[in-house]
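A quick write-up on the structure given underneath.
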Amino acid sequence: MAVKLNHTIVHARDKGQSASFFAEVFGLARPRPFGPFLDVVVANEVTLAFLETHEEIQIQHYAFLVSEADFDDIFGRVKARGLDHWADPAHRRKGEINHNDGGRGVYFNDPAGHYLEIITRPYGGA
Ligand SMILES: [Fe+2]
């Protein structure tokens, strides 16, 4: 079996704002329109399809494994934008990062309020 996540929908209040935020902060190619979506593709070919909704947004959690160098770049852009960030998913350790599994990790929010996370080691190490 080779089941690969191919795409998922990310709800947004303003899809242009959310998709551009994601692409810019993560250093990815510009969002591309696809039907009602604005698509951003990450390195393992998963498409995040930003979709605007005026319904209540259910906050989701999206975590990304990045290299140490990419962590510096992405986290640098988070700080340059003056975004709040936390070392933990419960948002108790504000302004900190974690060193779980021998790497680095940090949480911040996208414009719709989704919890984004970057880590340099997968949970559990390896
Ligand atoms: Fe997580």
Side-chain angles (χ1 to χ4, degrees):
M1 292 254 288
V3 181
K4 299 177 179 177
L5 180 63
N6 179 259
H7 62 273
T8 188
I9 293 173
V10 182
H11 282 130
R13 199 55 78 203
D14 176 331
K15 66 182 177 184
Q17 180 192 27
S18 283
S20 294
F21 170 90
F22 184 76
E24 289 167 11
V25 169
F26 283 79
L28 299 166
R30 291 165 52 92
R32 293 197 321 203
F34 181 75
F37 305 102
L38 270 178
D39 286 352
V40 179
V41 183
V42 299
N44 52 347
E45 299 169 349
V46 174
T47 296
L48 300 187
F50 289 85
L51 179 66
E52 210 154 284
T53 179
H54 299 290
E55 306 290 320
E56 184 182 349
I57 292 178
Q58 293 290 322
I59 298 303
Q60 303 291 339
H61 173 48
Y62 302 96
F64 301 90
L65 182 64
V66 301
S67 69
E68 293 288 344
D70 285 341
F71 186 98
D72 289 335
D73 291 343
I74 296 165
F75 187 42
R77 289 188 286 266
V78 167
K79 290 187 288 189
R81 285 171 177 252
L83 301 176
D84 289 336
H85 63 273
W86 297 267
D88 62 307
H91 289 183
R92 292 196 185 94
R93 295 169 55 199
K94 190 172 183 178
E96 299 178 41
I97 69 169
N98 68 62
H99 295 278
N100 299 342
D101 301 305
R104 291 182 290 167
V106 69
Y107 297 78
F108 53 97
N109 294 347
D110 96 331
H114 296 302
Y115 287 16
L116 305 180
E117 177 185 17
I118 51 173
I119 50 176
T120 61
R121 295 277 182 86
Y123 285 7

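When a ligand or atom number is given, it counts from 1 through the structure's own listing order. As the structure is a computational prediction, the values presented were derived from the model and not from experiment.
Contact annotation: Tyr107 places no N, O or S atom under 2.8 Å from the Fe ion (ligand 1).
Environment of CZ in Arg81: crowded, with over 12 heavy atoms of neighbouring residues, nucleotides or ligands closer than 6.0 Å.
The Fe ion (ligand 1) lies closest to atom OE1 when only the N/O/S atoms of Glu117 are considered.
Salt-bridge check for Glu45 with Lys4: failed, with every basic side-chain N at 4.0 Å or more from each acidic carboxylate O.
For the pair NE2 of His61 and OH of Tyr123, the angle whose vertex sits at the Fe ion (ligand 1) is 160° to 10 degrees.
Side chain of Arg104 to backbone of Ile119: no donor-acceptor contact under 3.5 angstrom is found.
Between Phe22 and Phe50, the two ring planes are tilted [angle within 30° to 60°].
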